[in-house]
Each structure stands twice: as structure tokens, then as C-alpha cells.
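All remarks here apply to the structure that follows.
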Amino acid sequence: MRLVLHREIPGEDILARQWNELVWQMECPEVFYTYEWALAVSRAYQASILPLLVLAYERESLVGVVALAIDEVRRETFFLTNATADYCDFVSSPARRLEFVDLVFGELRRLKIPALVAANLPADSATCRALMAATQVHGYRTFSRPAYRCAQIALGSCVERRNLREVVTNRKALRYALKGLGKHGPVSVDHLKSRDSLQAELPEFMHAHIARFSAAGRHSNLAHPQRQAFLAELAGLLSPAGWIVLSRLLVGEHPVAWNYGFQFSGSWFYYQPTFDSDWRQFSPGFCLLSKIVEAGCDDPEIERVDMGLGAEGYKERFATGARQTLDVTVTASTVRHLKEAARYHVAAAIKSSPRLEHGVRRLLGRVLVGGEQG
């Protein structure tokens, strides 16, 4: 196995094909691991991100990929896709993961890069075990902590799908909301997949997302031109393969809720939803998610609906399980390793004791007041 490094994501059809063939060999293939995702990030964020693409070959066959980026100020690396992907990982067959990870850290050591911050790494990935084994050999220390529990809906067998569909359809809250929407016009759902239909609808979706957050006194990530460019670029790259789907809930001809999502390897991903705030009283986002679950139950190729990062309460009402992710810091510095561990354990201890948490908040409040008076 030999490594080849690139400071960009090359626009090569052969690389794209071999890369995605490796994704299908992963223990749990995800759209976030694809060539198209990395390419979309590199194009949209080219002004602020310096890629470090590491490819592993055995003769002429690609056997490993990890798309990293370099923070030259902090002298550390991180997953290129960590700000956009719900899951990030080293891409290879599980059987080759340890060998690949070992070579990557040998190369990072050669490049004198002292740290890798690996966010959103699935806890069930073979990479977790490989990191612990490979990093020690090269003089790195590894600390991992729980990050997110990504709520999922397993659709199961034909009988389980039928039962789940019935439960979702017959929820009183859904029937009440759809009845309210129906007073204003026929309620329907569509799922846009073609490049042209996506390009036509994305501006309205983005405008609704920004407006909803603004109405709540919050800042939408879609207010950033780079995020807008990323979603547009990603839609164009994923649409030929049918991996992207922009779902809409409509009242008459008027869309009132959207989900920018993906259909990939048996998963329907609920990635970035929003709704028209003027229709908030009818819970249009909840209605659309319900309709997505219903559609998933009717499609034998869909095995689960993954609701991704975020601990919103409505997800728990649907979830039948969850997938844990980890934030992993790999560092050559013993001091940084100890600081990371201490910071996490102190924060966890405070959070586990309401009385202690209250005392810390009071102390911080006094410090802040004192600082303002000084």
C-alpha cells in the first residue's frame, strides 16, 4: 500500500469511480463519504479551506481515501467535510482500515502535523479501533468523547413497515394539522430529484430557511454565501446518480415546508429541513417528516430514515433507535491530550450534578458582573 497526496480534490472521472466503489465497501455507506461531497466542499469553501487528500493505492487500485483539511495557524488537520457532513470517516474496506490509518498517521508525522481533530466519527466504525492502535505507534495520543446521537427510524419488515405507517398516519396531531392545512387548499407532497427542478426550487428553500431563523431571532447558516454555494454545488453533483431529493409539502401550489435530503444505500436522510413561518400553527415541518416516513415505508429500497445531528424533541417522537458519533482528538502533545481529557471530564461532572452546575453558573455570573463593573 502506497500513499499519494493532493492539495486539492482532482476533477478526475477515474478517481470518482474508484472512490465511490470504496464507499460501497464501508461497513455503513453514507453519502457524506462520496467523491461528490468532498468535491462540493472544496469548490464552495475554496477561499477558506486548504484540502489535504490522502489516497492509498495497491498497484493501480485505490484502497483507501481520507479527505482532510489543514489549519495552518493551529497546525492541525480535520476532516474536510466536518462542517457539512453528519458522519465523517476514513474510507476503505473494514479489513484494510487499520493498515490505511497507520500509513496516514505515519505520513502526518512525516509532515510534522501535530494533531488531527476528527469530528462526527461514527462510534460503530472500524476506524475507532484503528485509531487507538495506529496512533500510539507514531507517538500520538488519542482522546474521544461522545458527540451526537443521531436519531433513526428503522423501517424493518413488510409487517413492521405497515404497522409503522399506520401509527404515523393515525397520529392525532398529524390529522389535526393536515385538516387545518386542507382548509386553505389541497395538501400534497412531491420529491424533486432532477438538476433543473432542484436549481429552480433551491432559492425559495434558502429564503424560507433564512426567514424562519430570523423570525426566531436566530442566524441561519444559509445566510452565508459559501453554504448556499455548497448546497447548490452538491445538488448538481448528486442529482445525476439520484442521491439527492428535495421534498416539499404544498398547500395548493404553495410550498410550506421543505427538506433538503438524500437517498443513498438504503437511507433517506433528513438533512436540512425548514418551513414557511406563516404556516407555523399547522406544524408543516412535522407533517412533511411524517409524509417522508410514510413514503419510506412504501419504498422497499429504503431501510431507514436517518434524522442526523441535533437533539430536537420532535425527532425522539419518531425515532426507533440512534447512531452515536464521537469527537476524537489525536495529538502529539501530552499537555493538549491531558487538557482535552480534563476539560471533558470536568464538564461531564458538572452536567451530571444539577446542584454543582447551578453553583458554577452563579460563580460565572459573578465573575462576568465583576468584569463589567471593573
Side-chain angles (χ1 to χ4, degrees), residues 41 44-45 47-49 81-86 119-120 146-151 173-174 176-178 180-181 183-184 187 201-232 234-235 246-251 254-261 269-292 306-319 322 325 327 347 350-351 354 357-373:
V41 171
Y45 294 92
S48 57
I49 292 181
T81 60
N82 75 343
T84 60
D86 286 38
N120 302 336
Y148 295 96
R149 283 179 56 81
C150 299
L174 177 63
Y176 178 81
L178 290 176
L181 290 170
K183 293 178 180 179
H184 298 271
V187 179
E201 185 64 22
L202 277 177
E204 187 169 3
F205 159 73
M206 293 178 184
H207 174 77
H209 196 280
I210 294 169
R212 180 171 74 87
F213 272 66
S214 179
R218 299 163 61 195
H219 188 71
S220 164
N221 61 7
L222 282 172
H224 298 284
Q226 287 181 316
R227 177 68 178 183
Q228 294 185 18
F230 168 69
L231 292 189
L234 188 65
L246 182 63
S247 302
R248 302 187 302 171
L249 180 74
L250 301 100
V251 176
H254 180 67
V256 298
W258 299 257
N259 177 56
Y260 184 105
F269 211 95
Y270 189 70
Y271 179 68
Q272 187 151 21
T274 197
F275 58 85
D276 186 331
S277 297
D278 291 341
W279 298 79
R280 178 187 297 274
Q281 69 187 91
F282 302 111
S283 304
F286 168 75
C287 293
L288 179 57
L289 178 55
S290 299
K291 292 298 181 181
I292 288 173
D306 193 326
M307 293 178 282
L309 302 182
E312 294 87 352
Y314 70 86
K315 293 182 180 180
E316 293 303 320
R317 296 200 296 272
F318 284 91
T325 66
D327 285 344
I350 292 173
K351 191 174 182 180
E357 183 177 16
H358 178 69
V360 170
R361 290 183 183 277
R362 287 186 60 189
L363 178 60
L364 288 175
R366 291 174 183 172
V367 170
L368 290 173
V369 171
E372 290 174 357
Q373 292 176 344

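Every value quoted in this text rests on a predicted model; they were computed, and no experiment measured them.
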L231 and F205, any side-chain heavy atoms less than 4.5 Å apart: yes

Criterion side chain to side chain contact (heavy atoms under 4.5 Å, CB included) on H207 and L222, from CA distance to verdict: CA-CA 8 Å; H207 174 77; L222 282 172; over 6 Å; no

Mutual orientation of the aromatic rings belonging to H184 and W279 [parallel < 30°, tilted 30-60°, perpendicular > 60°]: perpendicular

Considering all heavy atoms, the nearest P255-E201 contact: CG-OE2, 3.8 Å

From T274 atom OG1 to I210 atom CD1, the distance as rounded to the nearest 0.5 Å: 9.5 Å

Aromatic ring pairing F230/Y45, orientation class (parallel under 30°, perpendicular over 60°, tilted between): tilted

Check: S220 and R212 side chains under 4.5 Å, non-hydrogen atoms: no

Check: M307 main-chain N/O paired with K315 side-chain donor or acceptor under 3.5 Å: yes

Side chain to side chain, T84 and Y271, heavy atoms closer than 4.5 Å: yes

Check against side chain to side chain contact (heavy atoms under 4.5 Å, CB included), D276 and H254: CA-CA 10 Å; D276 186 331; H254 180 67; 3.3 Å; yes

Non-hydrogen atoms of G285 and A257 that approach each other most closely: N-CB, 4.1 Å

Atom OH of Y148 with >12 non-hydrogen neighbours under 6.0 angstrom: no

R317 vs L289, side chain to side chain contact (heavy atoms under 4.5 Å, CB included): CA-CA, chis, key distance, verdict: CA-CA 11 Å; R317 296 200 296 272; L289 178 55; over 6 Å; no

Point-to-point distance, once rounded to the nearest 0.5 Å, from CG of L309 to SG of C150: 4.5 Å

N/O donor-acceptor pair under 3.5 Å between D327 side chain and A119 backbone: no

R149 versus A322, closest heavy-atom pair with distance: NH2-CB, 3.3 Å

Check: F286 main-chain N/O paired with S290 side-chain donor or acceptor under 3.5 Å: yes

Heavy atoms of other groups near Y176 OH, more than 12 under 6.0 Å: no

Heavy-atom donor-acceptor pair, N120 side chain to T325 backbone, under 3.5 Å: no

Residues Q272, W258; criterion side chain to side chain contact (heavy atoms under 4.5 Å, CB included); working and verdict: CA-CA 8 Å; Q272 187 151 21; W258 299 257; over 6 Å; no

Q228 CD to N221 CG distance, which is reported to the nearest 0.5 Å: 9.5 Å

Side-chain touch P273/L288, heavy atoms, less than 4.5 angstrom: no

Shortest non-hydrogen separation from A229 to A44 and the atoms involved: C-CB, 4.0 Å

Aromatic centroids of Y270 and F318 separated by under 6.0 Å: no

Charged tip of R280 within 45° of F275 ring normal and under 6.0 Å: no

Residue pair I292 / N259, side-chain heavy-atom distance below 4.5 Å: yes

Heavy-atom pair with the smallest gap, counting every atom of C287 and L178: SG-CD2, 4.0 Å

From L181 atom CG to F282 atom CZ, the distance as rounded to the nearest 0.5 Å: 6.0 Å

Residue from V256, L249, L250 passing side chain to side chain contact (heavy atoms under 4.5 Å, CB included) with V187: L249

Closest approach of S277 to A215 (non-hydrogen atoms, all atoms of both residues): OG-CB, 4.2 Å

